[in-house]
Amino acid sequence: MKEQESGLLQKVWNFCASIKLAIVVLLLLAITSIVGTVLPQEDAKAIQFLAKIVGDNTAPTLYNIFVTLDFMDMYHAWWFKLLLIIFCINLIVCSLDKLPRVWHIIQTPLHPLEEHVIKNLQIKKELKIKADIQAAKDEFLNTLKSRKYQPLEATEGDSVQLYSQKGRYTRLGVYIVHLSILLIFIGALVGSQFGFDGYLNLPEGSSSGAVYTFDGETIPLDFQVRCNWYNTTYYKGSYRPQEFQSELVVIEDGKEILTKSIEVNDPLTYKGITFYQANYGSALQMYPNLSYYPSSFGKIPVGLGAFILIVTPEGGQPQGIRLQFGESFQIPGTGIKGTIADFSPALSRDPRTDMLYTFDDQMMEPAIAIKIEEPGKAPYTGWFLKRHPETWILPGGHSIEFVEYWGMEYTGLQVSKDPGVWIIYLACIIMSLGLYVTFFMSNKKIWVRLVNEKNSVSILIGGSATKNRLSFEQEIESILSKTSEAIEARSRK
C-alpha cells in the first residue's frame with residue numbers, strides 16, 4: 001500500500017515538474033492574455049470590434065460566449081488565476097527537483113585533473129618555455145590572483161598543478177529568475193484579490209467619498225476627493241483636445257491633505273489609490289432630471305454652474321464676478337449694465353444661412369450672450385466666446401472676459417488600487433539581477449599543469465565555462481600570454 005502511495009506521489013511530482021506542462025500552461029496564458037488585451041473591455045466597443053471580424057450577425061453570439069468565459073474581465077477570471085497557480089506550482093516543483101543537484105555541483109570542491117582529462121577540456125593550450133618550474137608557478141599564481149581566482153596547488157613528482165574556479169554561484173541565476181517570476185505572479189494575484197479598477201466622474205466643485213467599479217459596485221473611501229476645476233486645452237484653430245487637466249483635493253477628517261493638478265500621464269496617488277485623468281464631459285449628462293432656463297442654444301440648468309466673468313472698464317482695474325443665468329452686473333465706473341441672456345456650449349455660424357447654432361453638447365466653443373444697456377443708447381445683445389478674446393471688447397474700450405461656465409463640466413477619473421504593485425517592482429529588480437547573472441556571468445574552471453623538463457617547463461592549461469566559451473578562451477590566452485612574458489622577463493634578470 002505504501003509502495004502504491006509512494007508511486008502515486010512520484011507520478012504527481014513528475015507531472016508537476018514536467019517541462020511539457022510548463023509549455024502548455026505558458027501557451028494558454030499567452031493566448032488568453034492576447035485575447036484579453038486585444039478585446040475591448042467595454043461592452044459596446046467589444047461588440048463593434050467582433051462585428052468587424054466575424055460580421056454583425058455572429059458578433060453578439062460570440063460576445064455572449066466571451067462573457068460566459070469571463071474574457072470581458074479576464075484578469076479576474078477564476079480560470080486565469082488557476083492557470084497562474086498551476087504555472088507557479090510547476091515552477092516551484094521544477095526548481096525543487098533540480099536545485100539539489102545544482103547545489104551539489106556548487107558545493108563539490110574542485111580537484112586536480114589527470115593530463116589526458118585536461119587535454120579533453122573545452123579549452124586547452126600547451127606551451128614550453130625556458131624557465132624553472134618554481135618561477136613558472138609563481139608567475140601563474142600572480143596572474144591568476146590578479147584575475148580574482150583563488151588557485152589551489154597539487155604537486156606530483158616533477159609536476160605541479162594549479163587549479164581554481166570562480167562564479168560557481170552563478171549557476172543559481174536561473175533560480176533567481178524563477179523567484180522573480182513567482183513574485184510577479186504573487187503580485188498579480190494580490191492585486192487582483194485585494195485591489196480594484198473603477199471610475200469616478202466629478203463635476204467641478206463637487207466631492208465624493210466613494211468610487212465605482214465597472215460592475216456598478218460602490219467602493220467607499222476613507223477620505224474625500226474634490227475637483228476644484230477641470231480644463232480642456234484645444235489645438236489652435238481646432239476642436240481637437242490637446243490636453244485636459246483637473247485639480248484634485250484630498251480631504252480627510254475635514255482637512256485638505258493634498259492638492260494636485262493631474263493630467264493624463266501625471267495621476268494623483270493617495271493611500272495606494274491612484275486617480276488617473278481619463279476623460280471628461282458635460283455635467284448635464286450626470287443630471288438628466290434638472291430643470292432648465294429657457295435658452296435658444298444650450299441647456300442652462302437651474303442652480304447648477306456659474307458664469308465667471310472679468311469686467312474691465314477702459315483704463316480701470318479688472319473685477320471678477322460670478323453670475324447665474326439672467327443675473328445682471330455693471331461695469332465699474334460706468335452706467336453700462338449687462339445681463340446674461342443666452343448660452344451655447346459650442347457656438348458656430350452656418351455658412352449657408354448665416355444663422356448661429358450649437359454644433360455639440362460638449363464645451364468646445366462656449367459662448368454667452370450678454371444684453372448690454374447703456375444710458376441714452378438703444379440696448380443690444382452680443383456674443384462673448386471663451387476662446388476668442390477679440391469678442392470681449394465693447395465699444396468704448398471696456399471689456400467683458402468670459403472666463404468659464406464653472407461647474408458645467410465633470411472630470412472623468414479612472415481609479416485603481418493595486419497593493420501587489422510593490423511586489424512586482426521588487427520582482428522586476430530581482431529579475432534584472434537574475435537575468436544578468438544568468439546571461440552575463442558564468443562558472444569558470446581553470447587548470448594549469450606545469451612539468452619540469454630539462455632547462456624548461458612544459459605548460460598545459462585547460463578550462464571550462466558554463467557559458468560564453470569564446471570570451472573564456474580569450475581570457476585563457478591572455479593569462480598564458482601575460483604569464484609567459486612575466487616568466488621570460490624574470491629569466492632575463
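Only a predicted model underlies this, so the values are computations on that prediction, with no experimental measurement involved.
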Is the gap between the ring centers of [X] and [Y] under 6.0 Å?
X: Y270; Y: F275; value: no
X: Y230; Y: Y280; value: yes
X: F87; Y: F185; value: yes

side-chain contact (heavy atoms from CB on, under 4.5 Å) assessment of I336 paired with F329: CA-CA 9 Å; I336 300 175; F329 62 95; over 6 Å; no

Just by distance, no angles: are the side chains of [X] and [Y] close enough, under 3.5 Å, to form a donor-acceptor pair?
X: E365; Y: Y239; result: yes
X: Q277; Y: T411; result: yes
X: S442; Y: N468; result: no

F297 and its ring pair (Phe, Tyr, Trp, His ring centres under 6.0 Å) partner, picked from W383, Y357, F343: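 Passing option: W383.
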
Testing K467, R168, Q165 for side-chain hydrogen bond (donor to acceptor under 3.5 Å, both in side chains) with N443, which one passes?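 When side-chain hydrogen bond (donor to acceptor under 3.5 Å, both in side chains) is applied between N443 and each of K467, R168, Q165, only Q165 qualifies.
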
Between K166 and Y149, is NZ or CZ placed under 6.0 angstrom from the six-membered ring centre and within 45° of the ring axis?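 Here K166 passes the 6.0 Å and 45° test against Y149.
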
Lys/Arg cation over aromatic F472: K444, 6.0 Å, 45° cone: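 Ring-cation test returns no.
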
Under the side-chain contact (heavy atoms from CB on, under 4.5 Å) rule, what do S464 and R469 come out as? Steps first, then yes or no, please. CA-CA 8 Å; S464 65; R469 173 182 167 180; over 6 Å; no

Spacing of CD belonging to E404 relative to CG belonging to N231, to within rounding of 0.5 Å: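 Rounded to the nearest 0.5 Å, the CD-CG separation comes to 7.0 Å.
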
Exceeds 12 heavy-atom contacts within 6.0 angstrom, atom [atom1] of [X]:
X: F15; atom1: CZ; value: no
X: F194; atom1: CZ; value: no
X: K81; atom1: NZ; value: yes

